[in-house]
Peer 1: 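Before I ask anything, here is the structure I am working with.
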4 protein chains.
Amino acid sequence: MHEIIFEADTPSGKFFDVALLVAIILSVIAVILESVPAVDERFHRELLAVEWFFTIVFTVEYVLRLISVARPVAYARSFFGVVDLLSILPTYISLLVPGAQHLLVIRALRLLRLFRVFKLARYLNEAENLLVSLRSAWQKITVFIVTVVILVVIVGALMNLIEGSGAFNRQPILGPGGVPLIDTNGELQTQPVATPGFESIPSSMYWAIVTMSTVGYGDIAPVTVPGKVVASLLILIGYSLIIVPTGVLSAEIATRAGRGPVSTQACPSCSKEGHHPDAAHCKYCGERL
Amino acid sequence: MHEIIFEADTPSGKFFDVALLVAIILSVIAVILESVPAVDERFHRELLAVEWFFTIVFTVEYVLRLISVARPVAYARSFFGVVDLLSILPTYISLLVPGAQHLLVIRALRLLRLFRVFKLARYLNEAENLLVSLRSAWQKITVFIVTVVILVVIVGALMNLIEGSGAFNRQPILGPGGVPLIDTNGELQTQPVATPGFESIPSSMYWAIVTMSTVGYGDIAPVTVPGKVVASLLILIGYSLIIVPTGVLSAEIATRAGRGPVSTQACPSCSKEGHHPDAAHCKYCGERL
Amino acid sequence: MHEIIFEADTPSGKFFDVALLVAIILSVIAVILESVPAVDERFHRELLAVEWFFTIVFTVEYVLRLISVARPVAYARSFFGVVDLLSILPTYISLLVPGAQHLLVIRALRLLRLFRVFKLARYLNEAENLLVSLRSAWQKITVFIVTVVILVVIVGALMNLIEGSGAFNRQPILGPGGVPLIDTNGELQTQPVATPGFESIPSSMYWAIVTMSTVGYGDIAPVTVPGKVVASLLILIGYSLIIVPTGVLSAEIATRAGRGPVSTQACPSCSKEGHHPDAAHCKYCGERL
Amino acid sequence: MHEIIFEADTPSGKFFDVALLVAIILSVIAVILESVPAVDERFHRELLAVEWFFTIVFTVEYVLRLISVARPVAYARSFFGVVDLLSILPTYISLLVPGAQHLLVIRALRLLRLFRVFKLARYLNEAENLLVSLRSAWQKITVFIVTVVILVVIVGALMNLIEGSGAFNRQPILGPGGVPLIDTNGELQTQPVATPGFESIPSSMYWAIVTMSTVGYGDIAPVTVPGKVVASLLILIGYSLIIVPTGVLSAEIATRAGRGPVSTQACPSCSKEGHHPDAAHCKYCGERL
């Protein structure tokens with residue numbers, strides 16, 4: 001039973017994993033559909049039945065896993081053990097506290113099992129290669145992230161000063177009846193008006209992130225001339241910065257692949273591998289290859 | 001006739017293909033113009049004439065293809081056979097059912113023939129090389145796509161909880177006359193207000209896709225503080241994720257190109273391979289290749 | 001005189017070019033400032049004077065070029081000859097037709113001379129290298145552009161059908177007094193409502209370009225469920241497509257650079273260059289290097 | 001004392017640096033929180049205390065640095081010396097001029113010290129490598145930036161002509177009571193209407209930057225057909241241009257890394273270089289290195 005549930009190498013083990021995956025995907029779709037008011041109104045009964053069906057299936061699976069594994073406590077504490085438990089609890093809790101069903105989407109995390117099913121194939125290998133590349137490019141990327149964070153803080157504070165203080169956006173004060181007020185010298189009375197979304201530094205930092213990443217919702221946008229100048233500069237810097245991690249990672253992967261054409265031949269003398277295909281002599285002991 | 005219609009190697013075959021391409025592009029432009037109300041009002045007659053002209057031309061071409069090809073059924077079932085048929089049917093159907101002309105844009109698919117005309121040139125080779133690179137980078141890209149899908153589902157559900165439930169966005173309840181209601185303890189009565197666009201998980205998932213890809217329409221945007229924090233994190237993750245497939249593909253192409261111009265000829269003396277195609281002598285032992 | 005005006009190799013030639021560049025930049029800034037109503041109101045006189053000053057300077061320069069060059073007709077017809085003429089004409093034309101000054105920004109094109117000044121340096125070399133890389137990656141990029149154009153046409157037509165026809169967005173018909181109409185069977189009368197911006201195929205194609213490129217203004221956005229599904233797919237495809245030319249170009253540049261470590265040593269026997277630094281024998285004639 | 005404050009190599013020096021970093025981050029967070037009206041209202045006292053606490057800590061640190069360093073004037077004039085002073089001044093100035101606290105975010109610049117703490121690690125090395133790559137790719141990137149600037153100026157002027165003049169967007173003139181005016185010939189009287197945001201060239205240039213970088217706020221967007229055509233072209237060009245610096249930088253890094261791990265040791269027998277750092281024998285002649 002352990003083999004069927006935990007391994008994907010045997011036909012029955014693979015069948016179990018694929019069946020489980022299909023069940024997970026169907027249950028996630030059910031939870032998604034349930035959140036649409038129009039669908040929930042019409043098929044409330046059916047969706048509730050589906051939810052309980054999958055919850056019971058996953059509960060049985062969870063108990064079987066606990067029974068069949070050598071060290072149940074280790075499994076229960078592992079990442080997938082916790083996810084497995086969390087993905088069935090909400091339905092039971094919803095008997096006591098209504099509304100808890102929403103947390104069921106945690107089942108999506110179980111989709112990560114997707115990769116395990118293809119363990120036999122090369123998919124996990126590829127993920128590992130990617131992770132190795134990412135890890136070895138990590139230091140360059142850390143430099144990049146710290147730079148981005150410092151930039152976001154400083155630009156956020158700057159834009160809060162420029163746009164949030166209203167110093168560059170003075171509007172006439174309207175008196176009763178919507179008539180602009182005029183002071184005793186006959187001059188129009190104005191007051192500084194803060195641009196919405198720049199009232200505080202955290203809000204301006206949110207704008208800076210949305211801008212630098214080129215998402216640009218437009219719900220918050222500068223309206224004053226100095227604000228637009230700073231925004232333009234930030235955009236050009238963000239536009240330039242994004243190329244850094246892209247370049248770093250692709251160079252990293254290319255280098256890793258570039259070392260690739262390594263002959264699989266081991267040295268007959270010292271048994272070391274990793275020779276260049278062109279090499280005529282072992283680069284460690286000098287023996288002829 | 002088969003040579004003229006199906007091959008692009010002979011002058012008349014190439015002329016036929018170029019003429020066909022021009023006809024396809026003109027007919028697509030006609031369909032596009034017809035969809036503009038102002039243009040259609042003015043030139044309805046002319047556009048209708050153009051449409052029927054091209055439909056008859058393409059019908060003749062389709063019949064000729066069926067006649068000249070060795071196995072007509074195989075052609076009729078092939079991708080281009082089906083596209084050729086679909087690109088003439090709508091005009092005839094529009095005699096019975098008005099409005100079917102819109103489907104004529106399927107003719108755009110015939111533009112894919114564009115590549116065939118330049119068969120002699122290296123264009124198709126390039127497309128094939130690209131496809132080979134994409135296919136061999138496919139596993140890495142699958143890992144990437146599955147990660148993106150899981151992320152979209154989880155973030156969609158999370159934002160539906162945060163923004164859609166209105167838990168973090170309580171607004172005063174307005175009574176008759178637009179006056180905020182106050183309960184018996186003198187406290188302002190508030191109600192949770194859902195942010196538009198986050199009412200269901202599918203809608204929130206749409207927002208997550210629009211955000212992660214840095215499109216950022218702004219028609220749906222978070223308004224609560226926790227929502228903005230999650231959005232910022234999603235943006236930064238999306239900003240980082242996009243570099244992965246870019247890096248993978250460019251490394252793939254570079255590696256392929258780096259190995260590229262290698263002749264398959266082995267040295268007759270030392271049997272070593274990996275010579276440059278224009279090398280006349282083995283670069284290891286100096287023997288003539 | 002020819003040397004001073006057309007060459008940048010001598011000190012006086014370089015000084016002339018730098019002075020010309022500064023004049024071009026200043027005149028462009030003047031034209032830009034003139035377009036701002038608030039600035040123009042205040043400094044109209046000064047800006048007009050600046051405009052005439054630079055126009056006269058550039059006229060003198062143009063005449064000098066015509067005189068000093070060996071073949072004046074060839075110069076007058078060259079790209080820069082035409083630009084030089086076009087950049088002075090608008091001011092004279094504005095004496096007859098007011099408003100022509102706006103065309104003066106064509107002077108910005110003269111900024112392209114910027115590169116010529118640094119002719120001595122490696123800047124132009126770099127631009128040439130980039131152009132060579134772009135040209136040799138051109139075929140792959142053509143495949144990419146044709147794919148994008150076909151995709152834009154088909155998605156534009158599809159979204160025009162989905163969102164523009166209003167088939168999926170039926171709204172109640174409002175009678176006099178804003179009361180929804182109800183027909184004799186007591187059912188609410190509805191009519192299809194087209195989403196603004198999807199009324200014609202060209203407009204939908206504009207939306208498709210704005211979306212695929214991840215610009216995403218948000219002035220046009222789908223509102224129906226099928227429209228949002230198609231938009232999501234288009235975004236994911238656009239998100240994937242952008243990686244193709246990036247990968248192609250960076251691989252192209254890397255390969256070009258990768259062939260880089262070519263020894264500068266010429267073969268003592270056949271005088272051919274381009275040997276790999278590691279090569280012991282000339283790969284063309286077999287002579288020992 | 002000099003060792004503790006200025007060096008990060010000894011345990012106490014590293015502890016001092018880490019403590020300083022934590023203090024800087026906490027003080028930056030305090031300034032950020034203070035800018036949120038709701039937080040400032042509730043915790044004004046506490047935040048003021050925190051601000052003064054950190055200001056005094058940083059003042060003591062600044063004085064200690066001045067005392068312990070060999071050449072105090074050189075330190076005071078250095079980048080970090082100036083930043084250190086600027087990060088404490090605003091609090092003292094705020095005693096005289098209220099509102100100066102906002103400038104305290106300059107403390108974020110001190111976060112750049114973050115990199116120094118990890119001096120022992122490879123982080124700074126990585127930053128240096130990145131800078132070297134950026135510098136050697138600088139010429140290609142300059143070509144790119146100048147191209148972008150020229151494009152922004154020309155497109156800005158063009159869109160100002162198209163959208164800002166209202167030539168393509170004539171709207172009916174409304175008379176009293178909102179009734180469209182009709183002239184004596186019975187024709188509708190219209191007037192050109194400028195699209196908001198395109199009234200001046202600088203504003204149109206801001207739009208061009210926001211568009212080319214694919215940020216696309218949507219606060220400014222073309223409404224006329226020629227404007228949308230130009231916008232589409234600009235988007236496609238911008239979409240293509242971004243790949244240039246990405247490709248250049250990633251190729252630069254890859255080339256650098258590809259050459260990277262080469263020992264500078266020459267073979268004592270055949271004098272050839274280019275051996276891998278861990279090679280024990282010459283890969284050409286087999287001699288012990």
Side-chain angles (χ1 to χ4, degrees), chain A residues 28 31-39 99 102-106 108-109 111-112 114-115 121-127 129-130 133-134 141 145 148 202-203 205-206 209-210 212-219 242 245-258 260-261 277-278 280, chain B residues 139-144 146-147 149-151 153-154 156-158 160-161 164-165 199-205 210-223 225 228-229 231-232 235-236 238-240 242-244 246-252 254-255 258-259 272-274 283-284:
Chain A
V28 168
V31 174
I32 290 176
L33 287 178
E34 210 186 327
S35 79
V36 186
V39 174
H102 265 74
L103 303 170
L104 280 170
V105 208
I106 217 162
L109 271 180
L111 283 173
L112 290 173
L114 188 62
F115 294 118
R122 289 164 299 180
Y123 285 82
L124 256 192
N125 262 331
E126 293 295 342
N129 279 342
L130 264 183
S133 290
L134 275 174
I141 291 177
I145 290 175
V148 167
S203 181
M205 284 166 65
Y206 169 70
I209 291 174
V210 168
M212 267 189 68
S213 59
T214 78
V215 170
Y217 285 130
D219 54 345
I242 184 69
T246 313
V248 167
L249 186 69
S250 69
E252 185 63 40
I253 297 173
T255 311
R256 197 158 296 276
D278 287 12
Chain B
Q139 298 185 336
K140 288 203 189 79
I141 291 176
T142 302
V143 171
F144 170 73
V146 172
T147 312
V149 168
I150 293 178
L151 200 65
V153 171
I154 291 175
L158 195 62
N160 176 239
L161 264 181
S165 69
E199 299 93 351
S200 67
I201 294 180
S203 182
S204 300
M205 283 166 66
V210 168
T211 296
M212 266 190 69
S213 59
T214 78
V215 170
Y217 285 130
D219 54 345
I220 309 176
V223 298
V225 171
K228 287 183 174 180
V229 170
S232 299
I235 288 170
L236 292 178
Y239 191 57
S240 314
I242 184 68
I243 70 173
V244 172
T246 312
V248 166
L249 186 69
S250 68
E252 184 65 39
T255 312
R259 280 181 219 142
K272 285 193 182 166
E273 296 191 355
K283 65 175 174 180
Y284 300 104

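Residue numbers begin at 1 in each chain, while the letters A, B, ... track the order of the sequences.
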Peer 1: Once rounded to the nearest 0.5 Å, what's the spacing between atom CD1 of B:I154 and atom CD1 of B:I201?
Peer 2: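 Reported value, rounded in 0.5 Å steps: 11.5 Å.
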
Peer 1: Looking at B:G218, B:S213, B:G164, which makes the most heavy-atom pairs under 4.5 Å with chain A?
Peer 2: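 Ranked by contacts with chain A, first place is B:G218.
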
Peer 1: Output yes when a side-chain donor or acceptor of B:N160 lies under 3.5 Å from a complementary backbone atom of B:S165, and no otherwise.
Peer 2: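 No: the side chain of B:N160 does not pair with the backbone of B:S165.
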
Peer 1: Minimum heavy-atom separation for A:Y217 to B:T211, with atom names?
Peer 2: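 Result for this residue pair: OH-OG1, 2.5 Å.
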
Peer 1: Can you tell me how far the CD1 atom of B:I235 sits from the OH atom of A:Y206, to the nearest 0.5 Å?
Peer 2: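 B:I235 CD1 to A:Y206 OH: 6.0 Å, rounded to 0.5 Å.
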
Peer 1: I'd like to verify something: which residue of B:P222, B:G156, B:A231, B:S203 has the highest number of heavy-atom pairs under 4.5 Å with chain A?
Peer 2: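 Most pairs with chain A among the choices: B:P222.
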
Peer 1: Relative to chain A, which segment of B:I220 carries a heavy atom at a distance below 4.5 Å: side chain, backbone, both, or neither?
Peer 2: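 Contact with chain A: backbone only.
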
Peer 1: Can you say whether B:M205 sits under 4.5 Å from chain A via the side chain, the backbone, both, or neither, judging by heavy atoms?
Peer 2: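 It is the side chain, since no backbone atom gets that close.
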
